[in-house]
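Before anything else, here's the structure in question.
Per chain, numbering begins at 1; letters A, B, ... match sequence-line order.
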Amino acid sequence: MTRQPLNLLDHLHQTILQFLNPFTASLSQARQAHAQILKTGLSSDTNLTTKLLSLYANNLCFDDANFVLDSISEPNLFSYSTLIHAFAKLNQFGHALGLFSQMLSRGLVPDSFLFPSVVKACAGLPASKAGKQVHAIASVSGLASDSFVQSSLVHMYIKCDQIRDARKLFDRVPQRDVIICSALISGYSRRGYVDEAMQLLSEMRGMCLEPNVVLWNGMIAGFNQSKLYADTVAVLQKMHSEGFQPDGSSISSALPAVGHLEDLGMGIQIHGYVVKQGLGSDKCVVSALIDMYGKCACSFETSQVFHEMDQMDVGACNALVTGLSRNGLVDNALKVFRQFKDQGMELNIVSWTSIIASCSQNGKDMEALELFREMQVEGVEPNSVTIPCLLPACGNIAALMHGKAAHCFSLRRGISNDVYVGSSLIDMYAKCGKIRLSRLCFDEMPTRNLVCWNAVMADMQCMERLMKLWSQKGLTDEGWYYFNSMSREHGLEARVEHYACMVTLLSRSGKLEEAYSMIKQMPFEPDACVWGALLSSCRVHSNVTLGKYVAKKLFNLEPKNPGNYILLSNIYASKGMWSEVDKVRDKMKSLGLRKNPGCSWIEVKNKVHMLLAGDKAHPQMNQIIEKLNELSSEMKKLGYFPNTHFVLQDVEEQDKEQILCGHSEKLAVVFEGREISVRDTNLFHHFKDGVCSCEDYW
DNA sequence: ATAGGGTTAG
């Protein structure tokens, strides 16, 4: 009679065990089994509870896992190990460490199997203090000589940016294996220590150790990450020449470097290898190939590789979009993006960010804003990469409200501290004429890299344009202060764009000679930005002699930029040298260059309106013109006459008046009673209460 | 239980 219930229990036990099969069980089965266990009082069965723990952990059900752990009267090392291993594997490092400390406080002693997972958790966070403590505990437990523990510790120190501790530990290991060497070599590679990595690789020979594929791949990925592109490719070649077959992982880590180097020959060779080895079905390899051809300016091959794919892949689609826009084919990029979407392709955050970046980098700012909205409608959340791709579009068209919305989003999502987000905010606010907000963003950035110095230097340029401090030494001094402190206090080398900013600051305040001598002393060839800055100051200060000289330099550097011709002709015009003006205009005509039409944008009720000079395309154009005429006659009644002196063209007075009234700025001003930002060929004007921030200087 | 885990967006 006593056997019957035991059999029943046995049967139940078997059923629950089946439900808890780690390979087949679903979360709901785990919950059912859990309920059964509780009902039948099987909680003391360690076999069952451990399986349950592992299932909950693998499904990231922290609360359930903790509940089970608490219900075990005497949780042992095995219970904790199960959970910690699972969490470490699933990148739930905080949970893993929390359980580890709980386990220690219960007086349980970890074994050599548990330590690697715990150390991995410290590496993953990374948490260097905890890592050191765990190291100490391992030493006290006498387990620090275990090779698994040692390898994981080396990895942890590298992740915590403590290369010297990693090396110290490595040096004390008597019996080194491939794995611990691989950990250190990959660490060196990721931090850009090429010599140390290569040295250790050759030392392995002396230890009778052969590198394996994982080691090679770690080196390739590491060098690529350190932007040491030539070294990346060199390692791939070395690997191959030493008789190792690069796998998909090797190829997809090396291809970005080939692209950066624009080494098409190497790219084609690798493509051949991919085909030969049958790696063509590897999605990462294919995407990387498409990207490589895109970077090497081979639009045809980019599309070809894409179309030869046997299976659609979102990564490859993204690479194609970027590849097309990189080669001046934005419209094609937009077209294929639309096709992908219409085909029901699962577009991810990279897809949306790519197309937004393509637009904002190619003068399609309104489209970028629209796509950003569309993306959110589709339920895709922007991230810290999306924002810096979008913000230039806001800045370009002074879409302040959109920019502010992106700023608020960044604050809510806790990504405003990201150095790229911060830099693009600085830039966006400066371009919208919001200097104080721009500076606020700069001051609040916790870390500053080259990108944000670029932004703040550009910001200085805007300030110089927008403030009244033209000739006072204050702003120039501030510029010098930033310029010098960049290298002195932050160890960043001034680059050509920083020189361009200083040239602007100096030349705008009238120190044209000082600016020119700075250009001559630059440690590298001055580019078009530098000369352009000087030329536009020559225009401000009507300096014909220097202007003529600078323009010549610019015509050589960028013969197709109409802006330079316009500037020079304006310099002549400001001195009434109309025959010289005609010469420049004739030159432009013979080169087939045309002045880009003036363009204004205005945000009304969160919608951006674009107004092109001389363009009648705006749907409300009739009302706008009516209102303009109304304003004009009202202004004239109050004693205002269009100042035709500012029309730098040798035309009849009446035409000048016409030209002035057709200005896109005027068109935007019709939306009166608001803050208005307008941009001419080289700066933004910010109107508030009818007063322009440039104080009518321009 | 230890090293790499790759591609496409700034």
Within the structure, does a side-chain N or O atom of A:His85 lie under 4.0 Å from either OP1 or OP2 of B:dA1?
-> no
Nearest listed nucleotide, side chain of A:Arg190, among B:dT2, B:dT8, B:dG4 = B:dG4
Distance in angstrom units between A:Phe372 CZ and B:dG10 C1', rounded | 14 Å
Apply the test side-chain hydrogen bond (donor to acceptor under 3.5 Å, both in side chains) to residues A:Glu203 and A:Gln199: give CA-CA distance (whole Å), side-chain angles for both, the deciding distance (0.1 Å), then the verdict.
-> CA-CA 6 Å; A:Glu203 280 174 12; A:Gln199 170 93 30; 3.2 Å; yes
Report yes or no: is there a donor-acceptor pair, N or O only, under 3.5 Å between the side chain of A:Ser152 and the base of B:dT2?
-> no
Counting N and O atoms only, with roles assigned by atom type, does the side chain of A:Ser186 sit under 3.5 Å from a partner on the main chain of A:Met219, one being a donor and the other an acceptor?
-> no
Return no unless some side-chain N or O of A:Lys120 is found under 4.0 Å from OP1 or OP2 of B:dA1.
-> no
Is there a donor and acceptor pair closer than 3.5 Å between the side chain of A:Asp418 and the base of B:dG10?
-> yes
State whether the distance check finds a donor on one side and an acceptor on the other, under 3.5 Å, for side chain A:Ser354 versus base B:dA9.
-> no
Side chain A:Asn224 and base B:dG6 donor-acceptor under 3.5 Å | no
Any side-chain donor near an acceptor of the partner, A:Asn318 and A:Ser351, under 3.5 Å | yes
Determine: side-chain N/O of A:Gln361 to OP1/OP2 of B:dG10, distance under 4.0 Å, yes or no.
-> yes
When only distance counts, do a donor and an acceptor, one from the side chain of A:Ser252 and one from the base of B:dG6, lie under 3.5 Å apart?
-> yes
Measure distances between side-chain N and O atoms of A:Asn212 and base N and O atoms of B:dA3, and say whether any donor-acceptor pair falls under 3.5 Å.
-> yes
Let me check something: any side-chain donor-acceptor pairs from residues 204-215 of chain A under 3.5 Å, sequence neighbours excluded? List them with distances.
{"from": "A:Arg205", "atom 1": "NH2", "to": "A:Glu242", "atom 2": "OE1", "distance (Å)": "3.2"}
{"from": "A:Asn212", "atom 1": "OD1", "to": "A:Val214", "atom 2": "N", "distance (Å)": "3.3"}
{"from": "A:Asn212", "atom 1": "OD1", "to": "A:Leu215", "atom 2": "N", "distance (Å)": "2.9"}

Reckon A:Thr386 touches a base, only the sugar-phosphate, or nothing at all at heavy-atom distances under 4.0 Å?
-> nothing
Indicate, with a heavy-atom threshold strictly under 4.0 Å, whether A:Ser384 touches base, sugar-phosphate, or nothing.
-> base
Examine A:Phe372 together with A:His402 and report whether their ring centres are nearer than 6.0 Å.
-> no
Do any side-chain nitrogens or oxygens of A:Arg326 fall under 4.0 Å of OP1 or OP2 in B:dA9?
-> yes
Would you kindly check whether a donor in the side chain of A:Asp111 faces an acceptor in the base of B:dA1, or vice versa, at under 3.5 angstrom?
-> no
